[in-house]
Number of protein chains: 2
Amino acid sequence: MSVPSQRFVRNTLLGALDLRDYEAVRAVAEPVSLARRDVLIAAGQPITHVHFLESGVVSEVTATPGGRRIEVNLTGREGFVGVPLLLDVDRTPYESFVQIEGEALRVEGVAFLRLIQAHDALRRCLSLYAYVAHLQTADTAISNGNHTLEERLARWLLMCHDRVPGDALPVTHAFLSTMLGVRRPGVTTAIHSLEGAGGIRARRSQVEVLDREKLKAAAGGSYGMPEREYRRLIGVAP
Amino acid sequence: MSVPSQRFVRNTLLGALDLRDYEAVRAVAEPVSLARRDVLIAAGQPITHVHFLESGVVSEVTATPGGRRIEVNLTGREGFVGVPLLLDVDRTPYESFVQIEGEALRVEGVAFLRLIQAHDALRRCLSLYAYVAHLQTADTAISNGNHTLEERLARWLLMCHDRVPGDALPVTHAFLSTMLGVRRPGVTTAIHSLEGAGGIRARRSQVEVLDREKLKAAAGGSYGMPEREYRRLIGVAP
DNA sequence: GCCGATCTGTACTGAGTCGTACAATCGCGA
DNA sequence: TCGCGATTGTACGACTCAGTACAGATCGGC
């Protein structure tokens, strides 16, 4: 059997491991492809697998009493889906679903628990990510409380852009309004404004990022802190 | 030397440990009292100690560009302050300060790392709390995005009431407005509304909780989820 | 008992977003 | 090529909350 080479891994967390830990993960990991709308973790159901994303984007959302959803976290190839298992928790009230299709290495739950028990460096690395994910959620709380729709939209586009190859984000206004927990026509207006400022170009079912610096300015300081912490703790960002 | 008895501990996490793990913590813990405004973790500075709260309330807040603060988390004797250390992170961009005075058992950082290395049950127990804290932050994000000022105030009062003995919460309108990230007169109005509904009674520098059920109704479903998870995972709530 | 600081109540205008409705446009499949 | 569903653009009134200002109430210290 061929030993997989570390350099072909796209997941940043796995790429940061030394070869021994990495190969222990690969030995029990199974490559899977993620189609849009696939549910990786269902609300309130036992978490069966941990997914190390190789490409694509996964959103963690909640359902509010009115059937509405709102996003609390975003994961790409810089992270993994299944943080609760790392913290010894078997299920969560939120749902994680595939927002942009991609690929992942998935590890079955019990095998994952054995892995982090046996490989302390792996546990520490994943813990760092769990912390950054927590920061990102906290930042979302602040953003929701203190920033305008346009600022929050700019922040979201930047975060999504970080996790996608190329500059075209396949999202509709309605989808964005759900993620941000706002009114759909409000997104349309905000997109026009960002487009007028030269930060993006809007197409049907697509937003193209033209100028990250302009988007950062439009985000009014709501973007960047978790990303800085990721670089500080784990290394090169995606 | 007298061996401290487990029944005298008020911190719920330490109370959930078996005697051996508990005494290992006590052997390196030092009782301290917490005065209002004490800073337990300074933004961007190394975390020197972990605090297991025995009484009182600690807020984790951020400073927004305009010098404003907003709360992302609340801890009482059901938890501990210093989650980043558990996750192998030495500092955090947020600040944790004492909001309501109380007492704590504090453990120096390096001793804490040795403890969780040696006592896996302790690590698992604290991990469960770290997860609940993450849930609470996520819930705050949702609350900030989807709920009215009055609902958010009701939620905050309930969370604070959970962590305080008795029904009198020593808070001013201005303080509440900071925690919620809203305008101070808005808090005054919302308090009147909650008072009119019979949920609370307002005094100068104090809010007395009269009827938790009415407060829960006023919170519009924004309260309760992290608390349920705490009970499910760790046991009796405070 | 008085004074100054703190806290609370109230008022006004404006910005931002909501909820809703409906028309225009686009793209895919028949 | 036509038609239909999905997506986007626009409008309008209503409501929440921001920002600000200021007066009254309350408390603690002298």
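Order of the sequence lines fixes the chain letters, A, B, ..., with proteins taken first and strands second; residue numbering starts at 1 for each chain.
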For the side chain of A:V182, counting heavy atoms from C-beta on, which of D:dA18, D:dG9, C:dC18 is nearest? C:dC18
Take the angle between the ring planes of B:W156 and B:F175 and call it parallel below 30°, perpendicular above 60°, tilted in between. perpendicular
Any salt bridge linking A:E54 with A:R77? Criterion: basic side-chain nitrogen under 4.0 Å from a carboxylate oxygen. no
In whole angstrom, what separates A:Q206's CD from D:dT7's P? 14 Å
Have a look at A:R152 and say if it touches a base, only the backbone sugar-phosphate, or nothing, with a 4.0 Å heavy-atom cut-off. nothing
CD1 of A:I191 versus P of D:dT7: gap in Å, rounded? 13 Å
Distance-only donor-acceptor test, A:R184 side-chain atoms vs C:dG19 base atoms, 3.5 Å: no
Map A:G186 and B:H173 onto DNA chain C by nearest heavy atom, then report which one ends up closer to the 5' terminus. B:H173
Give one of base, sugar-phosphate or nothing for B:T148, where a contact means two heavy atoms less than 4.0 Å apart. sugar-phosphate
Salt bridge or not between B:D167 and B:R201? Use side-chain N to carboxylate O under 4.0 Å. no
Hey, mind stepping through B:T75 and B:R163 against side-chain hydrogen bond (donor to acceptor under 3.5 Å, both in side chains) and telling me if it holds? CA-CA 8 Å; B:T75 306; B:R163 292 164 172 82; over 6 Å; no
Nearest 0.5 Å please: distance from the OG1 atom of B:T62 over to the CG atom of B:N73. 12.5 Å
Rounded to the nearest Å, what distance is computed from the NE2 atom of residue A:H192 to the P atom of nucleotide D:dT8? 9 Å
Which whole-number value in Å describes the distance from B:L180 CG to D:dA18 C1'? 15 Å
How close or far is atom P of D:dC17 from atom CD1 of B:I70, stated in whole angstroms? 13 Å
Taking only the side-chain heavy atoms of A:R183 (C-beta and beyond), determine which of C:dT25, D:dC12, D:dT10 contains the nearest atom. D:dC12
A:L149 has an atom CG; how far is it from atom P of C:dC18, in whole Å? 6 Å
For B:P185 and for A:A174, locate the closest nucleotide of DNA chain D by heavy-atom distance; then report the residue assigned to the nucleotide nearer the 5' terminus. A:A174
Euclidean distance, atom CG of residue A:L169 to atom P of D:dT7 [Å, nearest integer]: 16 Å
Could you check how far CZ of B:R204 sits from P of C:dA5, rounded to whole Å? 14 Å
